[in-house]
Amino acid sequence: EPEVTQTPSHQVTQMGQEVILRCVPISNHLYFYWYRQILGQKVEFLVSFYNNEISEKSEIFDDQFSVERPDGSNFTLKIRSTKLEDSAMYFCASSEAAPFTEAFFGQGTRLTVV
Amino acid sequence: TQLLEQSPQFLSIQEGENLTVYCNSSSVFSSLQWYRQEPGEGPVLLVTVVTGGEVKKLKRLTFQFGDARKDSSLHITAAQPGDTGLYLCAVSASNDYKLSFGAGTTVTVRA
């Protein structure tokens with residue numbers, strides 16, 4: 001069964017460092033998303049991406065964040081200068097169409113900023 | 001932003017019992033999805049409901065979408081320990097490219 005895969009599963013980084021989280025969405029999907037979940041809190045939307053551009057982004061997705069689909073298969077989230085409060089599970093998701101279609105989530109990357 | 005209220009926050013039951021969890025909002029939804037999430041993993045889609053009054057069944061799970069498309073319920077019959085997890089509802093508006101999640105109901109089924 002097709003699935004969304006994310007790497008790494010766990011990343012520890014020092015405050016102020018850049019991190020890149022990687023995702024391979026389901027191959028025939030056209031819409032891609034990043035969500036995050038701080039421990040014990042809700043799953044929060046960060047950004048959606050379609051046709052090589054951002055469709056929508058939340059207030060969380062400030063200038064420190066960027067997304068890219070460099071090679072037609074990978075979908076990356078970059079955090080330029082990590083802060084302690086960026087520590088969270090980051091989930092990539094993809095859907096065949098949008099809006100309000102079924103989104104399939106990856107297993108997540110646990111980011112720990114120390 | 002659509003505010004989703006999920007209740008109860010926690011639910012602990014014995015194997016074999018039934019349970020119902022709820023997802024409510026003051027807004028009308030274009031569609032609603034139920035996910036199940038286990039610790040340290042991503043949400044796994046269970047079902048999507050789009051029509052007011054719709055009822056969908058997935059083995060022992062029954063999902064209902066309210067007539068006014070503002071609320072939904074998930075009923076589990078004869079719960080098993082494998083049903084343990086965080087049950088999340090999520091919605092999107094007709095012009096949205098995002099899902100808004102509720103805080104979830106943590107279900108624990110004791111053997």
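All of these numbers come straight from a predicted model, not from anything done at the bench. Here is the naming used below: chain letters follow the sequence lines, and residue numbers restart at 1 for every chain.
- Contact annotation for B:Leu32: neither backbone nor side-chain heavy atoms come within less than 4.5 Å of a heavy atom of chain A.
- A donor and an acceptor atom, one from each side chain of B:His75 and B:Thr20, are located under 3.5 Å apart.
- With a 4.5 angstrom heavy-atom cutoff, A:Gln6 does not touch chain B via any of its atoms.
- Looking at A:Tyr35, only its side chain comes within 4.5 Å of chain B, counting heavy atoms on both sides.
- For the residue pair A:Arg80/A:Gln64, the side-chain donor-acceptor check at 3.5 Å is not satisfied.
- At most 12 non-hydrogen atoms from other residues, nucleotides or ligands lie less than 6.0 angstrom from CZ of A:Arg110.
- Donor-acceptor pairing under 3.5 Å is lacking for the side chains of B:Gln37 and B:Tyr35.
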